[in-house]
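To keep things clear, I will list the structure first and then write my remarks on it.
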Protein chains: 2
Amino acid sequence: MRRMTARPANAHQAKLLKLLRDAGPNSRAQLGDQVDLSRSKLAVEVDRLLETGLVVADGLAASRGGRRSHNVRLNPELRFLGVDIGATSVDVAVTNAELEVLGHLNQPMDVREGPVAVFEQVLSMAAKLRASGLAEGCDGAGIGVPGPVRFPEGVPVAPPIMPGWDGFPVREALSQELGCPVMVDNDVNLMAMGEMHAGVARSVGDFLCVKIGTGIGCGIVVGGEVHRGVTGSAGDIGHIQAVPDGRPCACGNRGCLEAHFSGAALARDAVEAAEQGLSEELASRLAAHGTLTAVDVAAAAAAGDATALDLIREGGNRTGQVIAGLVSFFNPGLVVIGGGVTGLGHTLLAAIRTQVYRQSLPLATGNLPIVLGELGQNAGVIGAARLISDHLFSPA
Amino acid sequence: MRRMTARPANAHQAKLLKLLRDAGPNSRAQLGDQVDLSRSKLAVEVDRLLETGLVVADGLAASRGGRRSHNVRLNPELRFLGVDIGATSVDVAVTNAELEVLGHLNQPMDVREGPVAVFEQVLSMAAKLRASGLAEGCDGAGIGVPGPVRFPEGVPVAPPIMPGWDGFPVREALSQELGCPVMVDNDVNLMAMGEMHAGVARSVGDFLCVKIGTGIGCGIVVGGEVHRGVTGSAGDIGHIQAVPDGRPCACGNRGCLEAHFSGAALARDAVEAAEQGLSEELASRLAAHGTLTAVDVAAAAAAGDATALDLIREGGNRTGQVIAGLVSFFNPGLVVIGGGVTGLGHTLLAAIRTQVYRQSLPLATGNLPIVLGELGQNAGVIGAARLISDHLFSPA
DNA sequence: CCTTCTTTGTCCTGTGAGTGGAGAAAGTTG
DNA sequence: CAACTTTCTCCACTCACAGGACAAAGAAGG
């Protein structure tokens with residue numbers, strides 16, 4: 001039986017586990033340098049962790065000029081499941097306790113099919129990963145959903161793009177199916193956690209993580225912690241007004257950012273442009289596929305199509321304007337741009353940067369990097385694994 | 001010698017001091033209920049605090065059905081100075097350790113006269129308060145300045161409206177003059193701390209505190225802590241674009257919120273309206289004073305002047321639009337409106353509310369109070385006193 | 001091969017923080 | 001005056017933790 005049941009018994013053990021997770025195998029001596037404990041006390045706690053099975057011995061390290069150290073590491077048999085439910089696709093990944101992705105599956109799927117259908121899909125993907133020998137069991141799972149979540153309970157609330165999910169007990173249901181602890185969060189927050197853990201936001205305490213996919217959202221990290229807001233809807237910037245009296249939005253208002261730029265809006269605008277004969281490139285793609293997506297626009301832009309480039313620039317400007325306001329307000333140390341439309345690459349990034357650097361206060365932008373996310377498709381699932389591991393590696 | 005030199009020796013003592021500050025005199029038994037320590041340990045820590053002189057015995061309390069308790073309280077001779085430097089005036093107040101305002105002076109003064117002149121003024125006001133017998137000495141001072149501050153060092157950085165202050169070592173200089181510890185922060189952050197401590201935001205963890213005075217700023221409180229941002233400029237919302245291609249702003253951009261609504265903008269618009277003959281009320285006031293301020297507009301509005309009301313509504317709408325975006329982004333549990341223009345009262349509040357409730361997500365506004373600050377002129381100085389007491393009541 | 005130095009890990013004891021119970025002190029209620 | 005409450009103090013016991021002594025294991029140099 002290798003299923004993880006133990007939890008750290010105290011804050012020291014929790015800190016050690018997180019250290020081993022983030023820094024990999026380590027000797028007692030090296031751990032001691034980082035946790036502010038005497039060697040004796042540290043040895044005691046490490047021994048207790050070894051007893052629980054959360055941590056295992058990992059052979060001898062090379063000498064550093066004296067006696068060789070006995071390394072310890074997180075139990076390599078531990079497995080976390082990272083699930084990222086997007087508006088139009090589902091990602092499932094298996095990681096070890098150090099949050100390295102061992103296997104990753106992606107499946108197109110419309111979230112509006114509802115929780116039951118989606119979870120059937122998730123479970124079958126998880127089963128496939130397990131069948132491939134990557135995991136015997138599952139010690140915990142993190143789930144991201146594209147909408148606000150009442151975090152303590154793990155329940156989506158009033159999600160605009162996934163009405164069938166309102167109030168569905170995601171955490172409880174999935175915990176039962178998988179037989180392990182489950183944590184649920186907004187997908188954007190998880191992307192932020194992913195980039196913070198293994199991506200471009202390592203060692204940054206306060207940053208914003210803007211995800212532009214089917215919709216637009218923003219992960220807010222304050223002092224290394226995700227800020228979720230009092231009802232779990234923090235970061236929902238898609239419905240901030242970007243254009244006074246602009247396009248009508250599904251939410252009932254006009255001029256929302258999301259109505260002017262997002263995967264969906266971009267596709268819509270591209271179709272319009274193609275139909276109006278503004279771009280042969282887009283028109284031919286429309287004829288070929290019968291529809292257009294952000295990917296088509298990216299391809300057209302890469303081919304030098306002026307209309308596609310304009311659409312991207314225009315969207316980047318809108319987005320940049322909104323981000324400029326948020327930067328003035330929040331004064332982050334970093335802005336990460338991620339999500340499906342990162343395929344639009346530097347055209348988009350340049351437009352966003354221009355707006356932010358022009359409109360925000362110099363003091364706030366003086367030393368503010370605005371960069372693309374590093375983890376791409378992996379950000380969400382890594383963040384999800386991180387979420388559950390943060391939970392399980394905290395005292396019970 | 002009654003000057004406070006001691007600091008709490010550990011986290012327990014710090015917690016006890018803050019409890020006594022916030023809840024007033026208390027018995028050991030009542031303290032024990034709130035501090036999660038055994039009675040024996042608690043008694044030890046209280047005794048040590050008594051030894052230091054930070055805390056003194058305060059007689060017997062009424063019986064609650066058994067032996068009467070011996071109350072303790074913070075030393076009633078301790079004095080904090082709260083200083084709130086605004087764009088056009090200086091407030092100085094003396095408080096006791098429980099942060100009750102014992103005396104309060106206000107003096108019009110232009111911050112652009114520079115730190116030397118302003119501090120001369122502050123010191124003379126402090127001397128006057130001392131002379132009136134309210135304070136023998138001063139055990140700590142908190143200072144608010146109308147611009148960004150590098151918080152750890154207590155130095156203003158790149159303040160737009162007070163150029164002469166850039167880099168001036170406020171903390172060090174004032175600490176030397178007053179002979180006591182000093183902490184410096186942005187005035188808006190202090191207002192937020194004031195409302196959190198003794199005002200309308202008691203017991204709210206996450207809230208925004210919008211101060212509309214000569215300029216516009218926003219205090220951001222996350223989990224009971226003020227968020228200052230990486231360069232101390234968080235909350236600087238005055239230069240968020242509110243009107244595309246709107247009025248030119250001193251910052252060089254166009255359409256900044258502050259260019260459209262703030263004490264200064266309102267006065268300017270009122271003069272314009274008066275000169276254009278749109279309002280007799282305003283015109284007669286202009287003739288009488290030679291100039292107009294937000295106070296005149298408030299009076300005209302109170303008298304039913306349609307133009308004045310329109311100006312306020314218009315400004316409230318602009319402000320409300322920006323706040324709506326921030327509410328969607330931050331998802332606070334409360335929005336407090338304060339600052340000089342709160343004299344504009346419910347006309348302003350109604351306009352702001354309308355915009356926020358209309359434009360923000362229902363999930364974020366569903367249970368979101370938007371209220372006027374409770375402390376008025378006192379908010380800044382109380383927040384300042386709170387700032388220094390938080391500092392002094394933390395382990396050294 | 002042997003000595004000396006370095007690093008790592010273990011063992012043991014002393015210290016100080018903290019708990020919990022006994023009981024004294026000081027009330028209330030009937 | 002007896003019985004019950006509440007508050008406060010004292011004391012003994014537990015436990016977390018530090019820090020030193022020491023053993024184990026290796027490197028470097030003669």
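In this text, all values refer to a predicted model and were calculated from it rather than measured experimentally. Order of the sequence lines fixes the chain letters, A, B, ..., with proteins taken first and strands second; residue numbering starts at 1 for each chain.
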Would you say the side chain of A:Ser40 and the base of C:dG9 hold a donor-acceptor pair, judged only by whether the two atoms sit under 3.5 Å apart?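 Donor-acceptor pair under 3.5 Å: no.
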
Step through the shown structure and confirm whether more than 12 heavy atoms of other residues, nucleotides or ligands are within 6.0 Å of CD on A:Glu225.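 No, the 6.0 Å shell around CD holds no more than 12 heavy atoms from other groups.
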
Report yes if the side chains of [X] and [Y] come closer than 4.5 Å at any heavy-atom pair, otherwise no.
| X | Y | result |
| --- | --- | --- |
| A:Pro76 | A:Val56 | yes |
| B:Leu375 | B:Ile382 | yes |
| A:Val184 | A:Val182 | yes |
| A:Val381 | A:Phe80 | no |
| B:Arg28 | B:His70 | yes |
| A:Met183 | A:Arg386 | no |

Sequence-aligned protein contact record of nucleotides 24-30 of chain D, with B where the base is within under 4.0 Å of a protein heavy atom and S where only the sugar-phosphate is: BBBS---

Measuring from the side chain of [X] (C-beta onward, heavy atoms only), which nucleotide among [options] has the closest atom?
| X | options | answer |
| --- | --- | --- |
| B:Arg39 | C:dG9, D:dC17, D:dT9 | D:dT9 |
| A:Ser38 | D:dC17, C:dG9, C:dT19 | D:dC17 |
| A:Lys41 | C:dG18, C:dG9, D:dC17 | D:dC17 |

Any residue meeting salt bridge (Lys or Arg N to Asp or Glu O under 4.0 Å) with A:Arg68, in chain and number order, not counting sequence neighbours: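 Listed in chain order: nothing, the list is empty.
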
So how far off straight is the helix from C:dC1-D:dG30 to C:dG30-D:dC1, going by the axes through five pairs at either end, to 10°?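 Comparing the first five pairs with the last five, the axes sit 10° apart.
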
Taking [atom1] from [X] and [atom2] from [N], how many angstroms apart are they, rounded to a whole number?
| X | N | atom1 | atom2 | result |
| --- | --- | --- | --- | --- |
| A:Leu37 | D:dA16 | CG | C1' | 10 Å |
| A:Arg28 | D:dA23 | CZ | C1' | 15 Å |
| B:Leu42 | D:dC10 | CG | P | 15 Å |
| B:Asp36 | C:dT19 | CG | C1' | 12 Å |
| A:Asn26 | C:dG9 | CG | P | 10 Å |
| A:Glu45 | D:dC17 | CD | P | 7 Å |

Residue pair A:Glu77 / A:Asn96, side-chain donor-acceptor N/O under 3.5 Å: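 No pair is found: no donor N or O on one side chain lies under 3.5 Å from an acceptor on the other.
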
Are B:Ser69 and D:dT7 close enough that a side-chain N or O sits under 4.0 Å from OP1 or OP2?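 The answer is no; no side-chain N or O of B:Ser69 sits under 4.0 Å from OP1 or OP2.
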
Close approaches to DNA chain D from residues 13-24 of chain A, in residue order (heavy atom, under 4.0 Å):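 Contacts with DNA chain D under 4.0 Å: none.
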
For B:Thr231, give me all partners under side-chain hydrogen bond (donor to acceptor under 3.5 Å, both in side chains), at least two apart in sequence or on another chain.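 Per chain and number, B:Thr231 pairs via side-chain hydrogen bond (donor to acceptor under 3.5 Å, both in side chains) with A:Asn331.
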
Checking B:Arg21 now: which residues fulfil side-chain hydrogen bond (donor to acceptor under 3.5 Å, both in side chains) with it, not counting sequence neighbours?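 By the side-chain hydrogen bond (donor to acceptor under 3.5 Å, both in side chains) rule, B:Arg21 matches B:Ser389, B:Asp390.
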
If you assign each of A:Asn10 and B:Ala29 to its closest nucleotide in DNA chain D, which residue comes earlier from the 5' end?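 Counting from the 5' end, the first nearest nucleotide belongs to B:Ala29.
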
Are A:Lys18 and A:Ser394 close enough, and set up right, to give a side chain to side chain contact (heavy atoms under 4.5 Å, CB included), and what steps lead you there? CA-CA 9 Å; A:Lys18 287 177 185 173; A:Ser394 298; 3.5 Å; yes

